[in-house]
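Side chains included, hydrogens not; waters and symmetry mates left out as well; all remaining heavy atoms used.
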Amino acid sequence: MTAQSIDGNALAQQLREGMKAQVERLAAAGCRPGLAVLLVGEDPASQVYVRNKVKACESVGMHSLLERLPATLGEAELLARIDQLNADPAVHGILVQLPLPRHLDADLVIERIAPEKDVDGFHVASAGALMVGRPGFKPCTPYGCMKMLESIGCNPRGKHAVVIGRSNIVGKPMALLLLQASATVTICHSATPNLAEICRQADILVAAVGRPRFVSADMVKPGAVVLDVGINRLADGKLCGDVDFDAVREVAGWITPVPGGVGPMTITMLLQNTLESAERSASALPPPARI
Ligand code: NDP
């Protein structure tokens with residue numbers, strides 16, 4: 001069997017096309033969706049990520065504000081800037097690019113963002129809302145993975161989903177979204193014994209490990225849907241995922257490539273969250289949970 005590829009670029013493009021009309025409708029009503037992106041320091045990878053996010057906003061007609069702040073910025077100054085953006089009605093989403101320089105406490109900084117503008121979905125209020133099934137922003141990468149499943153008509157209900165990785169930004173929220181969709185979910189991590197055996201039981205296998213080609217063909221059930229979240233840079237400069245794509249595609253039913261899989265969906269769901277935030281602020285919808 002050769003798996004069908006889930007084209008993240010094509011799906012992202014399709015979703016972004018659909019967003020343009022919604023953005024213009026909101027803009028006509030005086031509420032153009034706006035995203036503020038704060039970059040502290042000069043980490044080269046972060047510079048590329050924030051540029052892509054700003055470009056993505058422009059591509060659907062959203063307003064974006066990119067602030068490059070010096071690596072020496074004090075915590076109090078950063079928190080004060082977030083307070084200003086929290087109060088700015090033209091800003092519907094605030095994103096602080098991670099990682100932050102070491103002297104800044106990332107948890108403190110993220111939790112300063114008003115939950116109703118936390119479009120990355122990293123605030124503890126967003127995580128709590130997801131946990132208890134209340135309205136809130138879903139972290140973009142797992143949200144994008146769920147959209148990919150939907151796009152191929154894969155309903156997780158009753159399926160066994162295995163998530164490798166338990167980070168707060170990918171593994172855990174991915175598992176919660178799959179659980180919400182009524183999958184039976186197993187979360188694996190570095191202390192999981194019999195990992196291959198567990199993975200082989202998965203109808204849906206999500207790899208969020210951060211190790212190149214970690215998932216081999218003998219870890220995959222024939223016909224499974226394999227979502228590869230990993231982005232790893234190899235010594236030759238090329239990108240590869242956490243899944244051994246060439247070998248696993250001979251076993252799986254569906255597979256996401258890297259690049260061109262989950263990555264473009266992550267940015268698209270950031271736009272989706274910003275749009276949802278603007279919609280909430282334009283209408284009388286209640287904001288997501290606060291703590
Ligand atoms: P983290 O490093 O925070 O988490 C990795 C997880 O993998 C941990 O839970 C760790 O377990 C687990 N793990 C590590 N080694 C093993 C092992 N040998 N066996 C089983 N589990 C293991 O990474 P992130 O969740 O932030 O990201 C994961 C990958 O996804 C990275 O490649 C990252 O670049 C990529 N990524 C891609 C995005 C996209 O848009 N496509 C967005 C975000 C991330 P433990 O907790 O026990 O240490």
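- Look at Glu116 and Arg280 and you find no salt bridge, because none of the NZ, NE, NH1 or NH2 atoms lies under 4.0 Å from a carboxylate O.
- Clustering of Ile, Leu, Val, Met, Phe, Trp and Tyr side chains at separations under 4.5 Å leaves Ile267 isolated, with no partner residue.
- Hydrophobic cluster membership differs between Leu98 and Tyr49, with clusters built from Ile, Leu, Val, Met, Phe, Trp and Tyr side chains linked at under 4.5 angstrom.
- In this structure, Pro257 and Arg249 have side chains that are not in contact, with every pair of non-hydrogen atoms separated by 4.5 Å or more.
- Under the 4.5 Å side-chain heavy-atom criterion for grouping Ile, Leu, Val, Met, Phe, Trp and Tyr, Leu234 is not connected to Val48 through any hydrophobic cluster.
- For Thr192, the side chain to side chain donor-acceptor pair (under 3.5 Å) criterion is met by no residue, not counting sequence neighbours.
- Between Val225 and Cys154, the shortest heavy-atom contact is CG2-SG, 4.2 Å.
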Q: In sequence, state the C-alpha distance, the side-chain angles, and the governing distance for Arg112 and Arg81, and then conclude on side chain to side chain contact (heavy atoms under 4.5 Å, CB included).
A: CA-CA 10 Å; Arg112 192 64 163 241; Arg81 184 62 191 126; over 6 Å; no
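- With no hydrogens or angles considered, no side-chain donor-acceptor pair links Glu197 and Gln201 at under 3.5 Å.
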Q: Evaluate the side chain to side chain contact (heavy atoms under 4.5 Å, CB included) criterion for residues Leu178 and Lys159: first the C-alpha distance (whole Å), next the side-chain angles of each, then the deciding distance (0.1 Å), finally the verdict.
A: CA-CA 9 Å; Leu178 287 162; Lys159 302 216 164 59; over 6 Å; no
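- In this structure, Asn168 and Pro173 have side chains that are not in contact, with every pair of non-hydrogen atoms separated by 4.5 Å or more.
- Pairing each heavy atom of Asn86 with each of Ile94, the nearest pair is OD1-CD1, 3.2 Å.
- The 12-atom threshold is not exceeded at CZ of Arg213, counting heavy atoms of other residues, nucleotides or ligands nearer than 6.0 Å.
- Proximity of Ser126 to Asp120: side-chain heavy atoms (C-beta onward) are nowhere separated by under 4.5 Å.
- When the side chain to side chain donor-acceptor pair (under 3.5 Å) test is applied to Asn232, the partners found at least two apart in sequence or on another chain are Asp242.
- For Arg32 (side chain) and Val23 (main-chain N/O), no donor-acceptor pair under 3.5 Å exists by modelled atom type.
- Annotation: side chain of Glu75 is not in contact with side chain of His103 (no heavy-atom distance under 4.5 Å).
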Q. Does the pair Lys147 and Gln272 meet the rule for a side chain to side chain donor-acceptor pair (under 3.5 Å), with working shown?
A. CA-CA 11 Å; Lys147 283 280 175 199; Gln272 177 64 35; over 6 Å; no
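- Here Leu100 contributes atom CG and Ile110 contributes atom CD1; the two are 6.5 Å apart, rounded to the nearest 0.5 Å.
- One distance of note links CG of Leu95 with CZ of Phe122; it measures 7.5 Å at 0.5 Å rounding.
- Taking 4.5 Å as the limit, some side-chain heavy atom of Cys31 sits within range of a side-chain heavy atom of His92.
- If you take SG on Cys145 and CG on Leu177, they are separated by 9.0 Å, rounding to the nearest 0.5 Å.
- Listed here is the closest heavy atom pair of Gly136 and Ala129: CA-CB, 4.3 Å.
- Atom CD of Glu24 is surrounded by more than 12 heavy atoms from other residues, nucleotides or ligands within 6.0 Å.
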Q. After noting the C-alpha distance and the side-chain angles of Val124 and Asp107, does the key distance pass the side chain to side chain contact (heavy atoms under 4.5 Å, CB included) rule?
A. CA-CA 9 Å; Val124 76; Asp107 288 340; over 6 Å; no
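- Residues Pro139 and Val170 have side chains not in contact (no heavy-atom distance under 4.5 Å, counting atoms from C-beta outward).
- Side-chain atoms of Arg16 and Gln13 include no donor-acceptor pair closer than 3.5 Å.
- Hydrophobic clustering (side-chain heavy atoms under 4.5 Å, transitive across Ile, Leu, Val, Met, Phe, Trp, Tyr) groups Leu149 together with Leu179.
- Using a 4.5 Å cut-off on side-chain heavy atoms (C-beta onward), Met62 and Leu275 make contact.
- In this structure, Leu65 is a member of the same hydrophobic cluster as Val109, with clusters built from ILVMFWY side-chain heavy atoms closer than 4.5 Å.
- Nearest heavy atoms, Leu66 versus Arg68: CD2-NH2, 3.5 Å.
- Members clustered with Val215: Val162, Ile164, Leu195, Ile198, Leu205, Val209, Phe214, Met219, Val220, Val226, Val243, Phe245, Val248, Val251, Ile255, by chain and number, using a 4.5 Å side-chain heavy-atom cutoff among hydrophobic residues.
- Shown here for Leu26 and Pro33, the closest heavy-atom pair between the two residues is CD1-CG, 3.9 Å.
- Of the possible polar contacts, none joining the His160 side chain to the Ala202 backbone as a donor-acceptor pair under 3.5 Å is found.
- A pairwise comparison of heavy atoms in Val258 and Cys240 identifies CG1-C, 3.7 Å as the closest pair.
- Of the inter-residue distances, the one linking Met269 atom CE with Thr274 atom OG1 reads 10.5 Å to the nearest 0.5 angstrom.
- Checked against side chain to side chain donor-acceptor pair (under 3.5 Å), Glu58 has no partners two or more places apart in sequence or in another chain.
- Note that CG of Asn273 is 11.5 Å distant from OG1 of Thr268, once rounded to the nearest 0.5 Å.
- At least one side-chain heavy atom of Leu38 sits under 4.5 Å from a side-chain heavy atom of Leu85.
- Rounding to the nearest 0.5 Å places OG of Ser190 at 5.5 Å from CZ of Arg166.
- Residue Leu239 shares its hydrophobic cluster (ILVMFWY side chains chained together at separations under 4.5 Å) with Ile231.
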